[in-house]
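Residue numbers start from 1 in every chain, and the chains themselves are labelled A, B, ... in the order their sequence lines are given, proteins ahead of strands. Predicted, not measured: the structure shown is a model, and the values here were computed from it.
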Amino acid sequence: MNTVEKKRRLESLLPAVLIVIAAAGCARPSAYKAPVGKFRDASTVVIQSTKAYLNELNKVERDKYIYLQASKPDQIKIDEIEQVQVFSKDGIMARLNALDQLASYVDLLDQLANSNTPETIKTKASDLQTSLTNLSGQVKALTGEDDKQFKSVAGRVLPVIGDLLQAFAEQAIENALKKAIATGADPVNQLIQAIEQDATVAYERRRNGLSAARVILVDQYNREFEKGKGADPAKLKAYADAISAGEDRWEAFSTAQPTDGLEAMKRANQALVRFAALPKPNITDVTSFVNAMDSFANTANRVGRAVQELLGK
Amino acid sequence: MTRLDVIKMIGDVITDIDVARGSLLPDDPNRHQLDDLRILLDDRQRKLSKAAFDDTTQQFQDSAKKLQAVNDQIRGSIQQVNKIVTVLSNIKTFVDAVTSLMTAIGPFV
């Protein structure tokens, strides 16, 4: 988004926020409406991008092995395919589930800022609480060495978020939003941090795989080229096209770091907490809050676009 | 330094090695040596990716510091295939430093 568009958006959000603040003297739920909505939308993009990485992690490892063997050429063995996987299937499922619950939590925040139907909120909070209990059970059952860190963090923070949701279901909406932001921010950020570590590993292994693929594509071309006059021009052209497409992917990849989005999500979450803690936010506070959400939205959109391009979706 | 910093550092060297590999013809004998070294580093990065260990211990920090020093020394030199002897020697030094680090945290990987 350019500066003019950014300013226009800010101007469009400010009146609604300011009217509420002026009337109430403090940030009531409706003051959060637009920025929390933006937080929800951007979080959804980041969560989906991270899920795409984690989902593909084992495929990246498998493909790297398969194409490396083919390029040598060497025998492909199923037991070797299984050995190269980084996370177990259960480990990946638990992380994807945690991301889904995070998305539901952010969605609930958005509904708290927008909804006038406490019963719906209470039902959703209760449903999410049940899902979190199931997730806790799923995480507890993980046994892999690579799951230890995620298991430790998830085991610590999921009950805290669960307790918070219990409070949601029992109190008035006005208080629930502030309480949710203030109490939930830390455990939510810890959960994001744990997933971010796994996403970094996934990104690095994917970088490794894409880098190896670049060489395989160049080798394919060079093998044909080395035939000299016997080289097939059509094959040379097809291999050159494959190199070109591979280099495009490589270029797009450098901007598709899921950790950028997760870091931005943590920062936006902290901005929510800061804003929620203000008894009487002034114009500067509101501007800073809206800017923080805009900044998060920009990063989320950049990462989301790059990941989509990378995955060809 | 953290486990993730080390994983990223190894990744940077691997991508440099790939640039060197891709700049040599597939049957070049030097290329085969680069291929072998890459396989070693890839295997170590994968093991570090799977491993869970305390990266705040003095043992890990000392080994990581040594690895960082080697990395600083060889940075920018690996893609220069016109100096292939130096390239291979630098990569071997880096692989040795990674192996030392993994030996230091041995029980976990």
Open item on the list: I'd like to know which of Val218(A), Leu68(A), Val201(A) tops the heavy-atom pair count under 4.5 Å against chain B.
Closed with: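 Max contact count across the listed options: Val201(A).
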Open item on the list: So for Asp12(B), is it side chain, backbone, both, or neither that comes closer than 4.5 Å to the heavy atoms of chain A?
Closed with: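 For Asp12(B), backbone and side chain are both near chain A.
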- [ ] Give me the ring orientation class for Tyr203(A) and Phe253(A): parallel if the planes are under 30° apart, tilted from 30 to 60°, perpendicular past 60°.
- [x]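 Tyr203(A) vs Phe253(A) ring planes: parallel.
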- [ ] Salt-bridge test for Asp198(A) and Arg95(A): reply yes if a basic N is under 4.0 Å from a carboxylate O, no otherwise.
- [x]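 Looking at Arg95(A) together with Asp198(A), the answer is yes, because their closest N to O distance falls below 4.0 Å.
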Open item on the list: Please check: side-chain N/O of Arg267(A) versus main-chain N/O of Phe296(A), any donor-acceptor pairing under 3.5 Å?
Closed with: no
Open item on the list: Rounded at 0.5 Å granularity, tell me how far OG1 in Thr299(A) sits from CG in Leu262(A).
Closed with: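 Rounded to the nearest 0.5 Å, the OG1-CG separation comes to 11.5 Å.
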Open item on the list: Looking only at side-chain N and O atoms, does Gln59(B) offer a donor or acceptor that is under 3.5 Å from a partner on Thr57(B)?
Closed with: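 Thr57(B) vs Gln59(B): no donor-acceptor pair found between side chains.
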TODO: Please look at Ile7(B) and chain A and tell me whether the side chain, the backbone, both or neither of the residue comes under 4.5 angstrom of a heavy atom of that chain.
DONE: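 Its backbone and side chain both get close to chain A.
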Task: Options Ile10(B), Ile14(B), Asp43(B), Asp42(B), ranked by heavy-atom pairs under 4.5 Å with chain A, top entry - done: Asp42(B)
Open item on the list: So for Glu226(A), is it side chain, backbone, both, or neither that comes closer than 4.5 Å to the heavy atoms of chain B?
Closed with: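 The answer is the side chain of Glu226(A).
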Task: Contact check, side chains of Tyr65(A) and Lys77(A), non-hydrogen atoms, under 4.5 Å - done: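 In contact.
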TODO: Output the residues of residues 83-95 of chain B for which the shortest heavy-atom distance to chain A is under 4.5 Å, in residue-number order; output 'none' if no such residue exists.
DONE: none
Open item on the list: Give me the atom names and distance for the closest heavy-atom approach of Ala252(A) to Ala306(A).
Closed with: O-CB, 4.2 Å
Could you give the side-chain donor-acceptor pairs of residues 132-142 of chain A under 3.5 Å, partners two or more places apart or in another chain?
{"from": "Thr133(A)", "atom 1": "OG1", "to": "Gln129(A)", "atom 2": "O", "distance (Å)": "2.9"}
{"from": "Ser136(A)", "atom 1": "OG", "to": "Leu132(A)", "atom 2": "O", "distance (Å)": "3.1"}
{"from": "Gln138(A)", "atom 1": "OE1", "to": "Asn97(A)", "atom 2": "ND2", "distance (Å)": "2.6"}

